[in-house]
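Okay, so here's the structure we're looking at.
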Amino acid sequence: MALPAAAQAGPAPAVLDTVQVQAARVRAVDDFDLPASMTVIDVDEAGNGRGALVSEAMNGVPGLLARERQNLAQDTQLSIRGFGARSTFGVRGVRLLADGVPASMPDGQGQLSHFNLLGAERIEVLRGPFSALYGNSSGGVVQLWSGDGQPGDPWRLRATWGSDASSSLGLQLKGQVAAMHYNVAASHYRTDGWREHGAARRESLNARLGFDLAPGQRLDLLFNVLDAPHAQDPLGLAREQVRVDPRQATAVAAQYDTRKSVRQAQAGVVYTLDRERRTWRLMAYAGQRTVEQFLAIPPAAQASPLHAGGVIDLEGGYGGVDARWAWHGELAGKPLELVLGANADRQRQHRSGYENFVGDALGVKGRLRRDQRDRVGNVDQFAQAWWRFAPRWSLLAGARHSRVRFESDDHYVTANNPDDSGRRDYVATTPVAGLVFRAGDDLRLYASAGRGFETPTLNELGYRADGGAGLALDLSPAASRNHELGAKWRTRAGARLDLALFRADTDDELAVASNSSGRSSYRNIGATRRQGVELGWLQPIGETQQLQLAWTWLQATVREGYLTCTGLPAPCTEPRNPVAAGTALPGVPRQQLFARWHWQPGPWQLAVETVAAAATPASDLGDARAPGYGLLNLEAARQWPTARGPLRLFARVDNLLDRHYIGSVIVNDGNRRYYEPGPERGWTLGLQWQWTR
């Protein structure tokens with residue numbers, strides 16, 4: 001599906017071309033004429049002083065909140081228009097894809113660590129009703145696209161050094177040999193962490209090999225490998241701990257050596273056949289993923305025969321296929337594009353739990369306490385049509401039917417621990433439609449509406465709120481109704497303005513019931529509402545400067561009061577604390593602002609950024625919140641030509657004014673350790689060399 005591109009700040013002012021987004025695709029539609037909110041981040045050069053983390057590249061997207069937690073054991077906290085804000089680790093409620101291949105599992109859980117920035121050309125962020133065309137858990141969509149190697153493309157070597165002994169080294173080989181296009185990127189990143197007990201490292205390899213088989217025929221082979229061993233977890237802090245020393249780790253983090261190791265390998269293949277009026281696309285992928293995590297759960301808490309232990313050990317594989325057909329023609333003499341398709345995905349997981357102690361030794365793997373085999377599978381069918389039925393009017397409509405099945409086989413059955421096997425099916429049809437009015441050559445007005453749904457993930461089903469063993473298969477899917485009104489303005493000089501008003505009403509909202517000692521349980525809380533305004537503006541100033549602004553106002557509230565276990569001891573079998581209608585949903589600030597001024601005089605580049613967010617509620621009760629903050633960042637770069645290619649030196653200072661702030665919150669933490677402090681003033685220095693063979 002071709003959707004609008006709103007330029008994102010990069011190393012130099014640029015006007016991005018029309019992009020193709022892999023949902024139900026429409027091929028030949030101008031991105032300006034489609035009813036959707038979307039931002040495209042140009043990361044092809046990636047020499048703007050930012051580090052190796054995807055969250056740092058996604059600043060400035062209206063409606064998106066990417067909070068770097070200073071905790072690589074738990075990955076980035078990502079939400080779009082409030083969807084996904086409840087996540088205590090990983091990404092939920094937002095769909096992730098890399099080169100058209102799902103980076104989210106069939107259950108809806110994903111990891112941004114799957115993305116490799118070095119080989120990326122762009123990141124696309126889709127918000128609003130049309131996200132539902134991507135299936136389960138599509139409160140928004142984030143896609144990373146690798147560049148397609150072409151003859152004469154330079155190779156690239158990039159290294160950075162920064163605060164807290166952070167460093168990265170990356171190598172990208174990109175080009176074309178005969179009929180093969182290649183883009184291979186390998187990167188290494190390590191840090192001691194801004195907080196104590198926060199050291200981590202990651203190695204990543206991403207490869208895209210494209211083959212021109214014949215005119216109109218293309219085969220792409222995709223490979224991705226991630227190794228992130230022993231990332232230390234400093235855990236959250238209480239308010240008084242933040243006041244005394246925001247860099248400290250919680251005492252039990254060192255006592256139990258809380259940490260997480262992730263390894264993943266994935267391969268995919270995409271075949272495309274493009275004819276005059278028809279396009280066929282076939283995709284298949286498969287991967288393996290292992291996770292081992294040590295939690296800070298005291299031995300006394302594991303005394304119950306139903307307890308699953310303090311070490312989580314996950315191992316499993318996943319894969320899927322996707323087939324779609326597109327036709328481009330006319331209806332009643334007007335342009336029409338039709339897409340039909342289906343996909344099936346499978347995920348299997350061996351979940352084991354162990355005690356995190358042996359005798360008096362803590363933070364080591366002990367006795368087995370959980371042994372289950374979990375499976376998730378989905379089969380979806382989708383259709384989409386775009387029709388320009390009048391010179392000034394066009395319609396985009398589509399629907400997706402999804403069936404998701406969760407199954408669990410319990411292999412840890414004792415006299416005191418009964419068989420907790422079970423199965424649950426979730427079925428939904430999500431229609432969406434949008435209308436665009438061409439008000440002038442430089443102005444479009446649109447309206448769109450649709451439905452979406454979100455199943456619990458395997459991790460959210462993993463622990464029952466009543467403290468029992470087995471999956472929480474009583475959880476229902478969240479169902480949403482989404483509406484959006486928007487305007488887009490473009491000028492020949494490169495100025496862009498995007499304005500969107502949106503509302504999403506959700507029934508059976510999935511929320512955190514309890515979050516204690518690394519164990520999170522979830523429940524359905526009833527009706528919620530997310531509504532707000534997004535503004536994105538890009539303004540060239542002469543030939544060497546540009547100004548970018550992104551502002552979001554988001555009101556995320558409970559529509560129906562309910563009783564919660566928040567603030568009560570776990571396990572909690574009888575919620576008693578009331579949450580009133582109108583209470584703000586935790587994890588969602590009311591306002592966000594990003595502003596960037598960029599100046600490129602000759603070989604120099606200079607930039608000033610402001611990043612600000614309002615206060616963020618941390619609990620359902622609204623009795624704890626992280627205060628708002630505003631940060632100032634600076635960038636500078638200088639490029640020199642060499643006989644073999646340009647050499648670039650760049651530097652960045654984050655939080656120039658050395659403000660104290662809370663970078664993210666852990667929603668409903670049972671110990672009231674909600675807060676993950678953001679870093680004080682920090683610096684990054686980098687060097688990049690691009691050379692031609």
Side-chain angles (χ1 to χ4, degrees), residues 1 3-4 21 23-24 34-39 61-65 78-86 91-96 104 108 124-143 380 382-384 386 395-402 426-436 445-455 476-488 498-511 524-536 552-560 585 588:
M1 181 171 60
L3 290 173
V21 179
L34 292 175
S37 292
M38 183 169 173
T39 301
V61 178
L64 180 145
L65 184 63
L78 179 70
S79 63
I80 293 180
R81 294 183 177 177
F83 288 98
R86 73 182 185 277
V91 177
R92 302 177 177 102
V94 176
R95 207 73 182 169
L96 306 177
S104 295
E124 300 169 355
V125 182
L126 175 67
R127 290 96 66 199
F130 278 91
S131 302
L133 288 178
Y134 290 77
N136 172 32
S137 299
S138 295
V141 181
V142 177
Q143 296 201 73
D380 291 15
F382 53 84
Q384 179 178 288
W386 177 86
L395 173 69
L396 178 64
R400 189 178 189 106
H401 178 77
S402 301
Y426 300 100
V427 182
T429 299
T430 53
V432 61
L435 195 64
V436 176
L445 306 175
Y446 69 89
S448 60
R451 293 182 177 272
F453 89 113
E454 179 181 358
T455 70
S476 299
S480 60
R481 301 174 300 282
N482 304 284
H483 302 84
E484 182 174 325
L485 295 173
K488 307 174 196 175
D498 294 270
L499 178 66
L501 287 74
F502 60 89
R503 171 178 287 182
D505 290 326
T506 302
D507 295 325
D508 290 324
E509 176 81 29
L510 289 161
N524 297 105
I525 62 172
T528 62
R529 171 170 290 171
R530 298 168 175 87
Q531 60 184 359
V533 182
E534 292 174 356
L535 173 67
T552 305
W553 180 84
L554 173 59
Q555 184 185 54
T557 57
V558 174
R559 295 178 62 203
E560 298 175 359
L585 291 177
V588 184

Counting N and O atoms only, with roles assigned by atom type, does the side chain of [X] sit under 3.5 Å from a partner on the main chain of [Y], one being a donor and the other an acceptor?
X      : Y      : result
Arg95  : Ser137 : no
Asp508 : Ser476 : no
Ser448 : Gly434 : no
Arg400 : Leu133 : yes

Side chains of [X] and [Y]: does their closest heavy-atom pair fall under 4.5 Å?
X      : Y      : result
Pro431 : Arg451 : yes
Asp498 : Glu534 : no
His401 : Val427 : yes

Could you state the interatomic distance from [atom1] ([X]) to [atom2] ([Y]), rounded to the nearest 0.5 Å?
X      : Y      : atom1 : atom2 : result
Leu499 : Leu445 : CG    : CG    : 10.0 Å
Phe83  : Ser480 : CZ    : OG    : 4.5 Å
Leu501 : Trp553 : CG    : CH2   : 9.5 Å
Leu585 : Thr506 : CG    : OG1   : 9.0 Å
Leu78  : Arg92  : CG    : CZ    : 12.5 Å
Thr429 : Asp380 : OG1   : CG    : 10.0 Å

For Val61, run the side chain to side chain contact (heavy atoms under 4.5 Å, CB included) check against Val125, Val142, Thr552 and tell me which one passes.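 The side chain to side chain contact (heavy atoms under 4.5 Å, CB included) with Val61 is passed solely by Val125 among Val125, Val142, Thr552.
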So if I apply the side chain to side chain contact (heavy atoms under 4.5 Å, CB included) rule between Glu509 and each of Arg559, Glu454, Arg530, Arg529, which one comes out positive?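 For Glu509, the side chain to side chain contact (heavy atoms under 4.5 Å, CB included) test succeeds with only one of Arg559, Glu454, Arg530, Arg529, which is Arg530.
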Holding to ring-ring contact (aromatic ring centres under 6.0 Å, His included), I want the full list of residues that pass it with Tyr426, two or more places apart in sequence or in another chain.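 Scan of Tyr426 (ring-ring contact (aromatic ring centres under 6.0 Å, His included), adjacent residues dropped) gives Phe406.
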If only side-chain N and O atoms count, and only distance matters, is there a donor-acceptor pair under 3.5 Å linking Tyr446 with Ser37?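 Ser37 vs Tyr446: donor-acceptor pair found between side chains.
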For the residue pair Thr39 and Arg127, confirm or rule out a side-chain donor-acceptor distance under 3.5 Å.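 Yes, a side-chain donor-acceptor pair sits under 3.5 Å.
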Please lay out, stage by stage, how Leu510 and Asn524 fare under the test side chain to side chain contact (heavy atoms under 4.5 Å, CB included). CA-CA 5 Å; Leu510 289 161; Asn524 297 105; 3.5 Å; yes
Give the C-alpha distance, both sets of side-chain angles, the deciding distance and a yes or no for side chain to side chain contact (heavy atoms under 4.5 Å, CB included) between Leu65 and Leu554. CA-CA 11 Å; Leu65 184 63; Leu554 173 59; over 6 Å; no
Could you go step by step and tell me if Asp507 and Arg481 meet the side chain to side chain contact (heavy atoms under 4.5 Å, CB included) rule? CA-CA 9 Å; Asp507 295 325; Arg481 301 174 300 282; 2.9 Å; yes
